[in-house]
Participant: 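One structure follows; several queries about it will come next.
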Amino acid sequence: LIESPTKTLLNEEHINIVPRVREILEKIPTDEWKQEKIFESLKVILEERSIKMPVFYILFTGNKHGLPLPHMLELLTKEKTLERLDQIVK
């Protein structure tokens, strides 16, 4: 259901936003890691960078689309979500 992203679809745009995505998501308290908060946080970056949701799908799943991303990230947990972002920039 929630696979790690592969480097195939990742490009420079994706890699460049990782620090900002991590910064915003890290601010969500663990006990508030719910799809509503996750979506609000992702929306900030969508508006800041004028990007579309498929960029986040590629970052977190390796696909351009899928099941509702905030719900998937809630299930994945905050810790695992942040780990995935760290793996991308390694």
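All heavy atoms count here, side chains included; hydrogens, waters and symmetry mates do not.
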Participant: Please report the shortest heavy-atom distance between His65 and Tyr57, naming the atom on each side.
Facilitator: C-CD2, 3.6 Å
Participant: Write down the atom of Arg49, the atom of Asn16, and the distance for their closest heavy-atom approach.
Facilitator: NH1-O, 4.1 Å
Participant: Would you say Thr61 and Leu69 make side-chain contact, with heavy atoms under 4.5 Å?
Facilitator: yes
Participant: Quick check on Lys37: does its NZ atom have over 12 non-hydrogen neighbours (other residues, nucleotides or ligands) under 6.0 Å away?
Facilitator: no
Participant: What distance do Leu42 atom CG and Ile51 atom CD1 have between them, rounded to the nearest 0.5 Å?
Facilitator: 9.0 Å
Participant: Search all heavy atoms of Thr77 against all heavy atoms of Trp33 and return the closest pair with its distance.
Facilitator: C-NE1, 3.4 Å
Participant: A quick test of your reading: do over 12 heavy atoms of other residues, nucleotides or ligands sit less than 6.0 Å from CD of Glu36?
Facilitator: yes
Participant: Give, for atom CD1 of Ile88 and atom CZ of Arg22, the distance between the pair rounded to the nearest 0.5 Å.
Facilitator: 11.5 Å
Participant: May I ask you to decide if Glu74's main-chain N or O and Gln35's side chain share a donor-acceptor pair within less than 3.5 Å?
Facilitator: no
Participant: Got a second to check how far Phe39's CZ is from Leu46's CG, nearest 0.5 Å?
Facilitator: 7.0 Å
Participant: Quick one: NZ on Lys78 to OG1 on Thr30, what's the gap to the nearest 0.5 Å?
Facilitator: 4.0 Å
Participant: Please find the pair of heavy atoms, one from Ile45 and one from Arg20, that lie closest to each other, and give the distance.
Facilitator: CD1-O, 4.0 Å
Participant: A side-chain contact here means heavy atoms from C-beta on lying under 4.5 Å apart; do His14 and Val55 qualify?
Facilitator: yes
Participant: Looking at Glu40 and Lys43, does any basic side-chain N land under 4.0 Å from a carboxylate oxygen?
Facilitator: no
Participant: Using 0.5 Å steps for rounding, measure from the CZ atom of Phe60 to the OG1 atom of Thr81.
Facilitator: 6.0 Å
Participant: Looking at NE2 of His71 and CD1 of Ile38, how far apart are the two atoms once the value is rounded to the nearest 0.5 Å?
Facilitator: 10.0 Å
